[in-house]
Amino acid sequence: MGYTAGMSRLSERLRPFGTNIFTRITALANQHKAVNLSQGFPDFDGPEFIKDAASEAMRVHHNQYAPMAGVPELRRAIAERFTRRTGLACNADTDVTVTCGCTEAIPATVMGMCNPGDEVILFEPFFDIHRSAIVLAGCVPVAVTLRPPAAAPGEQTDRPWTFDEAALRAAFTGKTKAIVINTPHNPTGKVFSRQELGLIAELCIKHDVVAICDDVYERLIFEDDMPHVALATLPGMAERTVTLSSMGKAFSYTGWKIGWAVAPAELTACVRAAHQFLTFSVATPLQYGTVAGLQREEEAVGPLVAMLRANRDLLAPVLRELGMTVYFPPSGYFIMTDISGMNRGDDVAFVQKLIEEVGVAAIPCSAFYTVPERGRTQVRFAFCKKPETVVAGIERLRAGLGRR
Ligand code: GLN
């Protein structure tokens, strides 16, 4: 399945991609009525007061185009939040752009700052849009591979995924224009340490490179000793960092597609130069709903984090019991596993059977690498679901994969 088959008019630039993995797997999951632990979206709604605020905005006629950069109330709320979280100054008029999810903010930033042929560094495994955004802008993605911690087949480890310092240093060349960092990281749940970010900062400064930080999972950290560090707060980085985030993950409204880019005025001007022609502006009533969410953010986030942590703790031991190596995540929506001890084929074959025969959907992670072979033994399970959905998935996994 994929757009490429029989699509002779498809542009060359899009040919290598086919249909994205989330669309493919969710379609297959629906077809087989599988419990969907693949695509990262909650199967529940976020807080009612956020919905109420959006409905009210719709009722009182906030239904026309929003200003290109976002409604002033939301830009103010985002600027205040950014300052609260980072201690950095942020001007709501010149430093904030509201985008159609973080998903639009990434290409808007790359297109706004990079020329065709420029190199953009990213870590793999990556959330697929990070790479496609780079390619669609005519730039060249340069991947630095995150390595899983050592673990025997069927073991669980909470040690972090790491990257090779020399590999990162070598990735920076005279052509590097930007680097994309995603912390907390999808799909591994890695929270980049201050030390790792320090190295990234050193290299960005040395090579005059812009950092594009996708921080959409910043509120979903389960371990107190792993705080989210915003790269912009490191010395010399505020002026060269574009910090991206969104309301979808923190408030469980991924379908609202409200994200934002925060950066100093000079960089924001570049982001807006692209954003004005990509989507121009973002759904007005949903921006007002997001204002309400940001005003009561802690109240929304606390229970969500508790629920996600409990789901993670429920699912991880079961995956391990079934023979997977479990990379216990400190954050996010997902558990990364390695299936090489299970003798059930590669990631794609494994997931296909999992959906068709076991009735559970997951994501084959070869889709998250520049060289798919690197992810052939990795499978990602989402736990951002109702506890009963996770339990239903567990029952099917045990029935279908359990050792009899
Ligand atoms: N971020 C979600 C995930 O990683 C998917 C978003 C999408 O479907 N593009 O599963």
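Order of listing sets the numbers, starting from 1, for every ligand and every atom in it. Just the heavy atoms: all of them, side chains too, but no hydrogens, waters or symmetry mates, feed the values below.
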Would you say ligand 1 has an N or O under 3.5 Å from any N or O of [X]?
| X | result |
| --- | --- |
| R380 | yes |
| F334 | no |
| K249 | no |

**Report entry** Lys/Arg N to Asp/Glu carboxylate O, E218 vs K249, below 4.0 Å
**Finding:** no

Requested in this report: Could you tell me whether the side chains of Q64 and T284 share a donor-acceptor contact shorter than 3.5 Å?
Outcome: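 The answer is no; no qualifying pair exists.
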
Query - E388, CD atom: more than 12 neighbouring heavy atoms under 6.0 Å - result: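 Atom CD in E388 is packed in, count exceeds 12.
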
Query raised in the report: With respect to atom 9 (N) of ligand 1, which of Y217, F22, F368 exhibits the smallest heavy-atom separation?
Result: F22

Query raised in the report: To which of Y333, F127, F41 does the heavy atom nearest atom 5 (C) of ligand 1 belong?
Result: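 Comparing heavy atoms across Y333, F127, F41, the nearest one to atom 5 (C) of ligand 1 lies in F127.
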
Report task. Would you mind telling me which of T103, D214, N182, N186 makes a side-chain hydrogen bond (donor to acceptor under 3.5 Å, both in side chains) with H130? Result ->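 That would be D214.
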
**Report entry** Which atom of Y253 lies closest to which atom of G46, heavy atoms considered
**Finding:**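 Of all heavy-atom pairs spanning Y253 and G46, the closest is OH-O, 3.0 Å.
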
Query - Test log, rule ring-ring contact (aromatic ring centres under 6.0 Å, His included), inputs F383 and F334 - result: CA-CA 6 Å; F383 55 84; F334 312 109; 7.4 Å; no

Query raised in the report: For atom 8 (O) of ligand 1, what is the nearest protein heavy atom, given as residue, atom name and distance?
Result: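 It is Q39 NE2, 2.7 Å.
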
Requested in this report: Mind checking whether N186 contacts ligand 1 via backbone (N, CA, C, O), side chain (CB onward), both or neither, at a 4.0 Å heavy-atom cut-off?
Outcome: side chain

